[in-house]
Every structure is written in structure tokens, then in C-alpha cells.
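Residues take their numbers from the sequence shown, with the count starting at 1.
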Amino acid sequence: MASFSRLRATFLCNAVARRFCSTLLLFLCLACDGVSRPDDTLGLQSSARWEWHGRLVVQADSTLTLVRMAIDTMHGGGDVALARFDFNPAVGEGDEYSLTLALDLGRARDLRQNVPYPLGPPPARLPAYATVTCLCRPLKPDSVRGTFTLATRGLRQITGRVDATLYFTEWNDAARHVTYSLHQRIDLVK
């Protein structure tokens, strides 16, 4: 009788250990973010907006040397997104900057997961626009080249990855160009 209770305790201990290990493994796998990578840019996403029935409005104002980007929901359209990333590589140095990225996703439910869709002007699948805010000479946007990869799409959030280079030209000197890299996770919220 004593050996039976010892055997039963051993089985119970093994079952608890197996269940604990499998639960721990599940949590570890969920904690691993398949969207982020070790060599990502170090931008802090400070805002994100996703609209189901909108269109992007991008207007240049040469008198103020700026470009305004907004989402217009009054005239219909498809899925559009606007996200801002703040970069501060050296605190106190004055080299902080912010990148704002606008994406025209078309119909987000038509996008497949883990497929890199080209960003940029046609023939790219997803039109994209970007602005930069910095303590530098005024820059106007040229183009965005790269990819957007959808990771998940829910009712109120899209998670994905942007791997892109953003091209800008100085307002006063068309021969001077500047590029910024954006390689990181993007979370868009409705």
C-alpha cells in the first residue's frame, strides 16, 4: 500500500511538472515578439491612428516650409493609418527628431499576415508619406521606400512591421537630400 501511494505521488509530481513546464513554454512563446528585431531603430511610437473609412490628406505649405498630413473621414475611402515615432539619440544634444508616417492600407482585411508589402508611390502596393520634425533646415518629403508587414489585425488594432527609408529634400536647396531609416514595430489603434 505504501508503494502505491509513493507511485501515485510520483505521477502527480510529474503531471504538475509537465503542466508547469508546458504553461511556462507557452508564456515564453507569447512573450517573444515576432515583429521586433534586435537591430531595430530606437524610435518611441508616441501616437497611432487607424481609420476604416478614410483617406490621407497631404498638403505642402511652402510659405511656412511644412507639410500637413491628416486623415479625412468625411469623404469615405479605405483603411488609412498615421503614426509618429520620436527619436532622441543623445539627450541634451539637440539632435532629437520625430518621424510621422502615413500609410494607405487599401482594405486591411485583404492584407495577408507575414507578407512584406512594398511602400511608396505606384506601382507599390501601399502608398506611404512621411514628414520629419527636427532642429535642422526645413525638409520636404520626397518618398518612402520599403515594406510593411502585417503581423495581426483585430477589430481595433493592427500590429505590423515597417522597414523603410524616408527620403527628404531641403526646401531651399533641391540638390541637398536627407534620409532617415525606420525599421521597427508599428501598432495602429482605431
Side-chain angles (χ1 to χ4, degrees), residues 35-37 39-75 77-91 93-106 108 111 116-122 124-151 153 156-172 174 176-190:
V35 181
S36 299
R37 297 184 185 149
D39 61 341
D40 280 355
T41 51
L42 300 176
L44 173 67
Q45 185 174 338
S46 58
S47 68
R49 184 175 168 203
W50 165 38
E51 289 293 337
W52 290 340
H53 304 291
R55 63 184 185 90
L56 295 174
V57 178
V58 180
Q59 297 174 330
D61 185 346
S62 59
T63 58
L64 297 175
T65 62
L66 59 84
V67 174
R68 292 182 181 94
M69 290 193 310
I71 296 176
D72 177 14
T73 58
M74 299 303 286
H75 297 96
D79 292 291
V80 293
L82 200 59
R84 179 182 168 131
F85 298 91
D86 296 321
F87 293 85
N88 188 3
V91 177
E93 294 292 321
D95 54 356
E96 301 87 10
Y97 62 95
S98 296
L99 298 173
T100 303
L101 181 67
L103 300 172
D104 186 347
L105 302 172
L111 300 177
Y117 291 99
L119 295 175
R125 168 69 164 83
L126 305 178
Y129 308 92
T131 62
V132 61
T133 305
C134 60
L135 294 173
C136 59
R137 293 177 186 233
L139 300 170
K140 61 182 173 183
D142 280 341
S143 65
V144 175
R145 305 284 183 181
T147 61
F148 170 77
T149 306
L150 176 73
R153 183 186 59 81
R156 295 282 186 200
Q157 180 176 359
I158 290 178
T159 301
R161 177 170 181 78
V162 173
D163 288 301
T165 302
L166 292 62
Y167 297 92
F168 298 94
T169 302
E170 286 189 12
W171 279 91
N172 299 328
R176 297 187 64 172
H177 301 282
V178 179
T179 61
Y180 289 89
S181 293
L182 184 62
H183 301 282
Q184 64 186 70
R185 174 189 178 120
I186 184 171
D187 294 296
L188 305 168
V189 180
K190 173 89 175 109

Just how far is it from atom [atom1] of [X] to atom [atom2] of [Y], taken to the nearest 0.5 Å?
{"X": "Arg84", "Y": "Ser46", "atom1": "CZ", "atom2": "OG", "value": "5.0 Å"}
{"X": "Phe87", "Y": "Ser181", "atom1": "CZ", "atom2": "OG", "value": "9.0 Å"}
{"X": "Phe85", "Y": "Leu101", "atom1": "CZ", "atom2": "CG", "value": "6.5 Å"}
{"X": "Ser47", "Y": "Asp187", "atom1": "OG", "atom2": "CG", "value": "12.0 Å"}
{"X": "Leu166", "Y": "Leu119", "atom1": "CG", "atom2": "CG", "value": "9.0 Å"}
{"X": "Tyr117", "Y": "Thr147", "atom1": "OH", "atom2": "OG1", "value": "11.5 Å"}

Write down the atom of [X], the atom of [Y], and the distance for their closest heavy-atom approach.
{"X": "Ala124", "Y": "Pro118", "result": "CB-O, 3.7 Å"}
{"X": "Leu188", "Y": "Ala81", "result": "CD1-CB, 3.4 Å"}
{"X": "Pro141", "Y": "Ala130", "result": "CB-O, 3.1 Å"}
{"X": "Gly160", "Y": "Phe148", "result": "CA-CE1, 4.2 Å"}
{"X": "Ser36", "Y": "Arg185", "result": "OG-CB, 3.8 Å"}
{"X": "Ile158", "Y": "Ala108", "result": "CD1-CB, 4.0 Å"}

Original post:
How far apart are the C-alpha atoms of Leu56 and Ile71, what are their side-chain angles, what is the distance that settles it, and do they pass the side-chain contact (heavy atoms from CB on, under 4.5 Å) test?
Top reply: CA-CA 5 Å; Leu56 295 174; Ile71 296 176; 4.1 Å; yes
Original post:
side-chain contact (heavy atoms from CB on, under 4.5 Å) between Leu150 and Leu105: does it pass, once the steps are laid out?
Top reply: CA-CA 10 Å; Leu150 176 73; Leu105 302 172; over 6 Å; no
Subject >> Test log, rule side-chain contact (heavy atoms from CB on, under 4.5 Å), inputs Glu96 and Asp86 >> reply: CA-CA 8 Å; Glu96 301 87 10; Asp86 296 321; over 6 Å; no
Subject >> Option passing side chain to side chain contact (heavy atoms under 4.5 Å, CB included) with Val67 (candidates Val132, Thr131, Thr100, Asp61) >> reply: Thr131
Original post:
Would Arg37 and Asp163 count as a salt bridge (charged side-chain N to carboxylate O under 4.0 Å, His left out) if you check the C-alpha gap in whole Å, the side-chain angles of each, and the deciding distance to 0.1 Å?
Top reply: CA-CA 11 Å; Arg37 297 184 185 149; Asp163 288 301; 3.7 Å; yes
**OP:** Determine whether more than 12 heavy atoms belonging to other residues, nucleotides or ligands lie under 6.0 Å from atom CG of Leu64.
**Re:** yes
Original post:
Any chance NE2 of His177 has more than 12 other-residue heavy atoms, nucleotides or ligands included, within less than 6.0 Å?
Top reply: yes
**OP:** Name all pairs fulfilling the salt bridge (charged side-chain N to carboxylate O under 4.0 Å, His left out) condition that reach into residues 39-60, sequence neighbours left out, sorted by first residue then second.
**Re:** Asp40-Arg161, Arg49-Glu51, Glu51-Lys190, Arg55-Asp72
With a 3.5 Å distance limit and no angle check, can you tell me whether [X] reaches the backbone of [Y] through a side-chain donor-acceptor pair?
{"X": "Thr41", "Y": "His183", "result": "yes"}
{"X": "Trp171", "Y": "Leu139", "result": "yes"}
{"X": "Glu170", "Y": "Arg137", "result": "no"}

**OP:** Report the residues that fulfil ring pair (Phe, Tyr, Trp, His ring centres under 6.0 Å) with Phe168, sequence neighbours left out, ordered by chain and then residue number.
**Re:** Tyr180
**OP:** Would you check if Val80 and Leu103 make a side-chain contact, meaning some heavy-atom pair closer than 4.5 Å?
**Re:** no
Subject >> Side chains of Ile186 and Gln45 in contact at under 4.5 Å (non-hydrogen atoms) >> reply: yes
Subject >> Plane angle bin for Trp52 and Trp50 - parallel if under 30°, tilted between 30 and 60°, otherwise perpendicular >> reply: perpendicular
